[in-house]
There are 2 protein chains.
Amino acid sequence: MSPAAPTNQKAHTILRAARDVFLEHGFSAATTDMIQQQAGVSKSTVYAHFPTKEALFTAVVEAECESFLEGVQSIQFQPKGVEALLHTLACTYLDIVLSPVALAQYRVLVGEAPKFPELAHRFYQAGPRAMIRRASELMASAADAGELDFGGLSAETAATAFANLVRSELQQHYLLHPEARPSRAQVEQWAEVCVTLFLRAFAPR
Amino acid sequence: MSPAAPTNQKAHTILRAARDVFLEHGFSAATTDMIQQQAGVSKSTVYAHFPTKEALFTAVVEAECESFLEGVQSIQFQPKGVEALLHTLACTYLDIVLSPVALAQYRVLVGEAPKFPELAHRFYQAGPRAMIRRASELMASAADAGELDFGGLSAETAATAFANLVRSELQQHYLLHPEARPSRAQVEQWAEVCVTLFLRAFAPR
DNA sequence: ATCGAACTGTACCTATCGGTTCGATATGGT
DNA sequence: ACCATATCGAACCGATAGGTACAGTTCGAT
């Protein structure tokens with residue numbers, strides 16, 4: 001079927017398999033044999049495309065960062081009022097953060113951060129920081145339109161607070177309860193709490 | 001000096017060494033040889049006190065949870081007004097969360113949560129939940145005294161929001177930048193942002 | 001028909017892991 | 001003086017890790 005084709009198809013197959021294995025077991029506990037079998041590929045082929053286990057790991061993480069970045073940047077502003085904006089912003093962010101892939105990625109990256117600091121930075125920029133930048137833009141617009149009043153604080157500070165408020169509680173809960181699946185009701189409910197709190201603080205009087 | 005003494009002294013030594021090694025390398029990458037050497041003890045002695053590597057790990061984590069619990073529960077209420085209360089609450093919590101030991105512990109526990117779910121739960125209760133409970137008590141008192149007004153929200157919800165708001169941003173930053181040391185200025189500054197936001201939301205008008 | 005690149009399968013190498021075994025040694029309690 | 005206990009040190013075991021070597025196969029392109 002495929003052999004001898006100018007195939008970087010295989011490289012992609014291997015990368016997907018590596019992603020699955022690394023996200024399930026972490027870096028140290030994952031083995032190249034698992035990856036090889038999951039990819040349905042011979043061991044030689046794996047090492048023909050990637051020189052070491054580390055290289056495979058960094059390739060996986062960087063690809064995943066790319067994908068996160070796209071997800072976050074594609075959030076659009078629908079001008080239905082600031083409350084609706086904040087609510088959809090919160091829910092969208094939580095959907096990303098609480099997805100099984102994102103939770104696994106976060107888990108592994110935090111755990112291996114001392115061993116792969118540059119990868120951790122990349123993720124920080126592509127994930128949380130990108131979200132804060134996006135939220136900051138949207139909130140600055142709302143403030144310009146007179147729908148928010150940050151008082152002495154900057155829009156960026158407010159956006160940082162909002163993003164962290166939205167993310168932290170549920171993310172921490174599911175990071176430390178890996179067997180539980182995030183419930184949509186919980187997401188909606190927490191998003192509402194965040195919006196309420198935020199508007200009590202920053203809605204113009 | 002010590003041999004043949006009814007020594008659980010050695011057990012303690014081994015536990016401390018195991019803590020250092022596990023917190024530095026995580027569970028999978030840590031080896032029993034490292035622990036044995038760090039403790040200055042023979043391999044046989046390690047296995048005389050702890051049956052397996054897993055048992056050693058759980059013993060370490062449970063001891064550490066105990067210590068966190070004490071730290072959080074020892075936070076006292078100094079009645080100097082609600083703003084001062086919130087500020088010291090935030091700073092105290094951040095000092096705990098951002099301590100090198102706590103960061104390492106969090107890192108390892110999040111990373112190994114799928115393999116040790118019951119340990120992760122224990123930590124969740126002993127750390128974040130305990131903090132929220134404590135904060136909730138203090139805030140309920142302040143609300144009773146008329147210094148806070150939570151509107152339709154419960155004191156527990158407000159405390160959850162506050163604790164997460166305080167913790168998340170800086171904790172995430174240092175989890176993903178392991179080589180950087182938390183700066184006190186950053187802590188104070190962020191604590192002030194949190195208090196400002198919280199009071200804008202919940203100070204009685 | 002032939003060549004060369006991609007791939008397979010398997011055997012292999014070396015290192016290291018968690019854990020065991022065992023004889024030697026030192027000690028404290030009686 | 002004696003024995004039980006705790007420890008040591010070092011050899012050892014089976015398993016498995018990351019990675020390499022190599023002989024053979026499959027294909028597209030010329």
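Proteins come first, then strands; the chains are lettered A, B, ... in the order of their sequence lines, and each starts at number 1.
Of all nucleotides listed (D/dA17, C/dG19, C/dT8), C/dG19 comes nearest to the side chain of B/Y47. Side chain of B/V41, nearest nucleotide from C/dC17, C/dC7, D/dC8: D/dC8. Listed candidates were D/dT20, D/dC8, C/dG18. Nearest to the side chain of B/S42 is D/dC8.
Taking the side chain as every heavy atom from C-beta outward, A/L119 and A/E112 never approach each other to under 4.5 Å.
The closest donor-acceptor contact from the side chain of B/S67 to the backbone of B/A63 lies at 3.5 Å or more, if one exists at all.
The distance between atom CE of B/M34 and atom C1' of C/dA15, rounded to the nearest whole Å, is 14 Å. What separates NE2 of B/H12 from C1' of D/dA6 is a distance of 19 Å, to the nearest Å. Atom-to-atom, NZ of B/K53 to P of C/dC17 comes out at 9 Å; the value is rounded to the nearest Å. Distance, B/K10 NZ to D/dC8 C1': 9 Å, rounded to whole Å. Look at CD1 on A/I14: it is 10 Å from C1' on C/dC7, rounded to the nearest Å. When rounded to the nearest whole Å, the span between CG of B/D33 and P of D/dA11 equals 14 Å. Atom CD of B/Q9 and atom P of C/dG28 are 14 Å apart (whole Å). Counting to the nearest Å, the P atom of C/dG18 and the CZ atom of B/F27 are 8 Å from each other.
For the pair A/H49 and C/dC7, the criterion of a side-chain N or O lying under 4.0 Å from OP1 or OP2 is met. At C/dG18, one or more side-chain N or O atoms of B/T32 fall inside 4.0 Å of OP1 or OP2 (strictly under the cut-off). Phosphate proximity of D/dC8 to B/T45: present, with a side-chain N or O under 4.0 Å from OP1 or OP2.
Between A/H177 and B/H121, the ring planes are parallel. Angles under 30° get that label, and only those over 60° would be called perpendicular. In this pair, A/F27 and A/F22 present their aromatic rings parallel. The plane angle is below 30°, not in the 30 to 60° band.
Side-chain to base pairing of A/K43 with D/dG19: one donor and one acceptor N or O lie within less than 3.5 Å of each other.
Under 4.0 Å is where a charged nitrogen must lie from a carboxylate oxygen, and between A/R133 and A/E137 no such pair does.
Using a 4.0 Å heavy-atom distance criterion, B/A30 is classed as a sugar-phosphate-only contact.
The partner of C/dT8, taking Watson-Crick or G-U wobble pairs whose two distances both stay under 3.5 Å, is D/dA23.
Along DNA chain D, the nucleotide closest to A/S28 and the one closest to B/S44 are compared, and the more 5′ of them pairs with B/S44.
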